[in-house]
Amino acid sequence: MHQERIGVVGAGIMGSGIAQVCALAGFQVTLVDVAVVALDEARSVIADGLERQVQKGMLRAEQRESSLERISTSTDYTSLASASLVIEAATENLELKLRILEQLSAQVDAQAIIASNTSSLSISQLAARVSHPERCIGLHFFNPVPLMALVEVIRGVQTSDSCQAHTLAFAERIGKVAISAGNRPGFVVNRILVPMINEAIFVLQEGLASAEDIDTGMKLGCGQPMGPLALADLIGLDTLLAILEAFQREFGDPKYRPAPLLRELVAAGRLGRKSGEGFHRYP
């Protein structure tokens, strides 16, 4: 078992998933959030996720228990002082991430790698707020983290060779397949995926087909395991909108303009699975 401590900042869906896979791989994990209730909910989500793996025969009960024992929680960044790698997994908001990274770099060891789980923001811009920016890198996990095998490793202009090498090795140690991506909005997967989802929303908005038929058509016609609108609901419509806005801002190309229907649903609070309704309803 690894003795290194991994810090994860943000106890939402992504942060709890990252904490789970790191603990299961044998790392000591400190999960940090400003809200105690979010930390309590994350522990419950992690415990339930591990229990499902036990019920499916993927884990032994003792592995579940030992993994949970390796996860500690805190509302204080000073708890990350001994971490060798800290992963920021906050909401996809530039100002929020910049503020967190600046605070983190003042608390963690000067040799610790600081990674951002961003799906669209510039790693070079984020690294500019970090002391010793050569140790800052992008580490983009996919939702749901325990099930998705891929992680994108994104190098900013400041990122050192050793930082990238250590991050790639870390991804392998937690059982993920890593691909290296350039520091451009959306990197590789979202650069391709998000405009496709946005086009599906335009198709719905124009009344060409129902949400159910759009998803069925893409599943059966293109071999996708999940239709684009159901996937949008899983990602979160607010997150999807933030990514598209970042694309449009950074590229300056109107082809990335978010569909008006997407903006309307976000304004109405219909954010997908996490709110109970998006393009589809969720009990």
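- Judged purely by atom type and a 3.5 angstrom limit, R70 has no side-chain atom pairing as donor or acceptor with the backbone of V29.
- Distance check, rounded to the nearest 0.5 Å: OG of S16 to CZ of R43 gives 12.0 Å.
- Note that the CG atom of L31 and the CD1 atom of I18 stand 9.5 Å from one another [nearest 0.5 Å].
- A distance-only check finds a donor-acceptor pair linking the side chain of Q158 to the backbone of S124 [under 3.5 Å].
- The CZ atom of R129 lies 5.0 Å from the CD atom of E102; values are rounded to the nearest 0.5 Å.
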Apply the test side chain to side chain contact (heavy atoms under 4.5 Å, CB included) to residues Q55 and E51: give CA-CA distance (whole Å), side-chain angles for both, the deciding distance (0.1 Å), then the verdict. CA-CA 6 Å; Q55 296 299 323; E51 179 60 27; 2.5 Å; yes

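- V108 belongs to a hydrophobic cluster with V9, V32, Y77, L80, V86, L94, L96, L98, I100, L101, L104, I114, L121, I123, L126, V130, I154, F187, counting contacts under 4.5 Å between side-chain heavy atoms of Ile, Leu, Val, Met, Phe, Trp and Tyr, direct or through other members.
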Worked verdict on M148 versus L150 for side chain to side chain contact (heavy atoms under 4.5 Å, CB included): CA-CA 6 Å; M148 299 296 282; L150 181 68; 5.8 Å; no

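- In terms of modelled atom types and a separation under 3.5 Å, the side chain of D215 and the main chain of L229 share a donor-acceptor contact.
- Expressed to the nearest 0.5 Å, how far OG of S67 lies from CG of L50 amounts to 5.5 Å.
- D76 and T78 share a donor-acceptor pair across their side chains, judged by distance under 3.5 Å alone.
- Counting only heavy atoms from C-beta outward, the side chains of L231 and L193 approach each other to under 4.5 Å.
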I'd like to know whether S120 forms a side chain to side chain contact (heavy atoms under 4.5 Å, CB included) with E92, so could you lay out the CA-CA distance, the side-chain angles of the two residues, the decisive distance to 0.1 Å, and finally the verdict. CA-CA 8 Å; S120 63; E92 191 76 351; 2.8 Å; yes

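- Side chain of Q205 to main chain of L261: a donor-acceptor pair is present (N/O by atom type, distance under 3.5 Å, no hydrogens or angles).
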Please determine whether side chain to side chain contact (heavy atoms under 4.5 Å, CB included) holds for the pair V54 and Q63, giving the CA-CA distance in whole Å, both sets of side-chain angles, and the decisive distance to 0.1 Å. CA-CA 9 Å; V54 171; Q63 288 178 295; over 6 Å; no

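- Here the side chains of P185 and R191 are not in contact, with every heavy-atom distance at 4.5 Å or above.
- Ionic pairing of E245 and R263 is present here: one or more N-O contacts between side-chain nitrogen and carboxylate oxygen are shorter than 4.0 angstrom.
- Contact detail for R5 and S72: the closest heavy-atom pair is NH1-OG, 3.7 Å.
- The list of ring pair (Phe, Tyr, Trp, His ring centres under 6.0 Å) pairs with a residue in residues 125-158, not counting sequence neighbours, reads H140-F142.
- Judged as a salt bridge (charged side-chain N to carboxylate O under 4.0 Å, His left out), and not counting sequence neighbours, R257 has no contacts.
- Every pair passing salt bridge (charged side-chain N to carboxylate O under 4.0 Å, His left out) that includes a residue from residues 266-283 is listed here, sequence neighbours excluded: D238-K274, R270-E277, E277-R281.
- Under a 4.5 Å side-chain heavy-atom criterion applied to ILVMFWY residues, the cluster that includes F202 comprises that residue alone.
- Between the side chain of Q28 and the backbone N or O of T30 there is no donor-acceptor pair closer than 3.5 Å.
- Scanning all heavy atoms of the two residues, the minimum distance from K219 to M226 falls at CG-C, 3.9 Å.
- Remark: the backbone N or O of A11 is paired with a side-chain donor or acceptor of D33 at under 3.5 angstrom.
- A donor and an acceptor atom, one from each side chain of D109 and S82, are nowhere located under 3.5 Å apart.
- To the nearest 0.5 Å, atoms SG (C163) and CZ (R155) are separated by 8.5 Å.
- Across all non-hydrogen atoms, the minimal contact from I197 to A232 is CG2-CB, 3.7 Å.
- Here the CD1-OG distance, from I113 to S162, works out to 7.0 Å after rounding to the nearest 0.5 Å.
- Every pair passing ring pair (Phe, Tyr, Trp, His ring centres under 6.0 Å) that includes a residue from residues 248-280 is listed here, sequence neighbours excluded: F247-Y256, F251-Y256.
- Between the side chains of E88 and S116, at least one donor-acceptor pair of N or O atoms lies under 3.5 Å.
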